[in-house]
Amino acid sequence: MVEADRFVWQKLRRHFNTDDLTALESSRRQFTTRLLPDLQSLIEELVTLLSPELLGLHQQWEGVPMKLSDLTGSEGLQVVRLTPVQRQDIDIGEDEPYSSLNNGLWLIKIGDDKPAAIMLSKFLTRSGPKVQVEIGHMPDELSHAFAKHFLRAIEAQGKSSRYYRNKAVSFESSGGFGGDAGNNAGAQASCCKPERRRAFQGNYDPARYPHLRFC
């Protein structure tokens, strides 16, 4: 009986068909947490036809952004373990909450069956939670072109918000910096008709409502 993989580096070596994961190249972007549903939805849409395999990741420190390079280590106490895919419901001001990933890694095949990996992760900062998207690939022309196109799509999505448009969004958190993941609230949204939204914004005092943003 073949023993199941326990660590992310094992999956990556098999996916990229190499024992030298230092040959990989990667690029990443960071966004405010309110864009998580938009970013995750776009990633899921882009990888649908690329034979995706979604993996769950263990994040040891919530205050430190996870990088793809962290996943390649195979020795020491900081080796990243595989976990079941974990999701958390986010209130987006609609009838049903959005099922967001805590941390996820998609293993995909592009073009002529070339391997790549996309990671979506969350981390805490003193100014609030952030979202990071990173793509890793082999150093060839086709993979570079795909990564460039992917990041352009991600950046364009980051400039808009399909889920929070015309809604007031609160980023209040019940946990402190570096606190437990289960105690950190995500974005919460409430629907706001355009005329009510304009009227409220006219009387909006940032000092009085420090956790409120309009989209």
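Positions are given from 1 along the sequence.
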Drop me the distance from Ser143's OG to Met138's CE, to the nearest 0.5 angstrom.
8.0 Å

Could you walk me through whether Ile110 and Phe150 pass the side-chain contact (heavy atoms from CB on, under 4.5 Å) check?
CA-CA 12 Å; Ile110 60 178; Phe150 171 81; over 6 Å; no

Rounding to 0.5 Å, atoms OG (Ser27) and CD1 (Ile154) come to a distance of 12.5 Å

Examine Leu42 and Leu107 and state if one hydrophobic cluster contains both, with Ile, Leu, Val, Met, Phe, Trp and Tyr joined whenever side-chain heavy atoms are less than 4.5 Å apart.
no

Asp91 side chain reached by Pro97 side chain, heavy atoms, under 4.5 Å
no

Distance (rounded to the nearest 0.5 Å) between Trp61 CH2 and Leu124 CG
14.5 Å

Could you state whether Phe7 and Leu54 fall into the same hydrophobic cluster, counting links through intermediate Ile, Leu, Val, Met, Phe, Trp or Tyr residues with side-chain heavy atoms under 4.5 angstrom apart?
no

CG of Leu77 to CD of Gln60, rounded to nearest 0.5 Å, is 7.5 Å

Under the 3.5 angstrom rule, does the side chain of Thr33 hit a backbone N or O of Val131 as a donor-acceptor pair?
no

Between Ser41 and Asp38, is there a donor-acceptor pair closer than 3.5 Å when you use the side chain of the first and the backbone of the second?
no

Full working for side-chain contact (heavy atoms from CB on, under 4.5 Å) between Leu21 and Arg13
CA-CA 7 Å; Leu21 294 175; Arg13 285 188 179 183; 3.9 Å; yes

Honestly curious: do Val85 and Phe123 fall in one hydrophobic cluster under the side-chain, below-4.5 Å linking rule?
no

Flag if over 12 foreign heavy atoms under 6.0 Å of NE2, His144
yes

Please examine the side chains of Pro65 and Lys130, heavy atoms only from C-beta on, and report whether any two atoms are closer than 4.5 Å.
no

Following the transitive rule for hydrophobic clusters with a side-chain heavy-atom cut-off under 4.5 Å over Ile, Leu, Val, Met, Phe, Trp and Tyr, establish whether Leu35 and Ile135 coincide in one cluster.
yes

For the student: nearest non-hydrogen atoms of Trp106 and Pro52, plus distance
CD1-CB, 4.1 Å

More than 12 heavy atoms of other residues, nucleotides or ligands under 6.0 Å from CG of Asn17: yes or no?
no

Leu68 side, atom CG; Ile118 side, atom CD1 - distance, nearest 0.5 Å:
10.5 Å

Can you tell if the side chain of His15 reaches within under 4.5 Å of the side chain of Glu53, non-hydrogen atoms only?
no

Criterion side-chain contact (heavy atoms from CB on, under 4.5 Å) on Met66 and Leu71, from CA distance to verdict:
CA-CA 8 Å; Met66 291 183 69; Leu71 310 183; 3.7 Å; yes

Contact summary for Gly136 and Ser26, nearest pair of heavy atoms:
CA-CB, 4.0 Å

Taking all non-hydrogen atoms of both residues into account, name the closest pair between Ile108 and Ala117 and its distance.
CG1-N, 4.4 Å

So Phe31 and Gln157, side-chain contact (heavy atoms from CB on, under 4.5 Å) or not? Walk me through it.
CA-CA 10 Å; Phe31 303 89; Gln157 191 76 348; over 6 Å; no

What about Leu120 and Ile92, same hydrophobic cluster or not, with Ile/Leu/Val/Met/Phe/Trp/Tyr joined at side-chain heavy-atom distances under 4.5 Å?
yes

Does some side-chain heavy atom of Leu50 sit less than 4.5 Å from a side-chain heavy atom of Phe146?
yes

Determine the minimum heavy-atom distance between Gln40 and Arg87, stating which atoms define it.
NE2-NH1, 3.5 Å

So CD1 of Ile43 and CG of Leu39: to nearest 0.5 Å the spacing works out to 6.5 Å

Hey, is Glu134 close enough to Lys67 for a salt bridge, meaning N to O under 4.0 Å?
no

Identify the heavy atoms of Ala153 and Leu46 that sit nearest to each other, and give their distance.
CB-CD1, 4.3 Å

Measure across Leu101 and Leu36 and return the closest heavy-atom pair with its distance rounded to 0.1 Å.
O-CD2, 4.2 Å

Qualifying residue for side-chain contact (heavy atoms from CB on, under 4.5 Å) with Leu105, from Leu55, Val80, Leu82:
Leu55

With Gln132, which of Arg29, Lys122, Gln30 fulfils side chain to side chain donor-acceptor pair (under 3.5 Å)?
Gln30

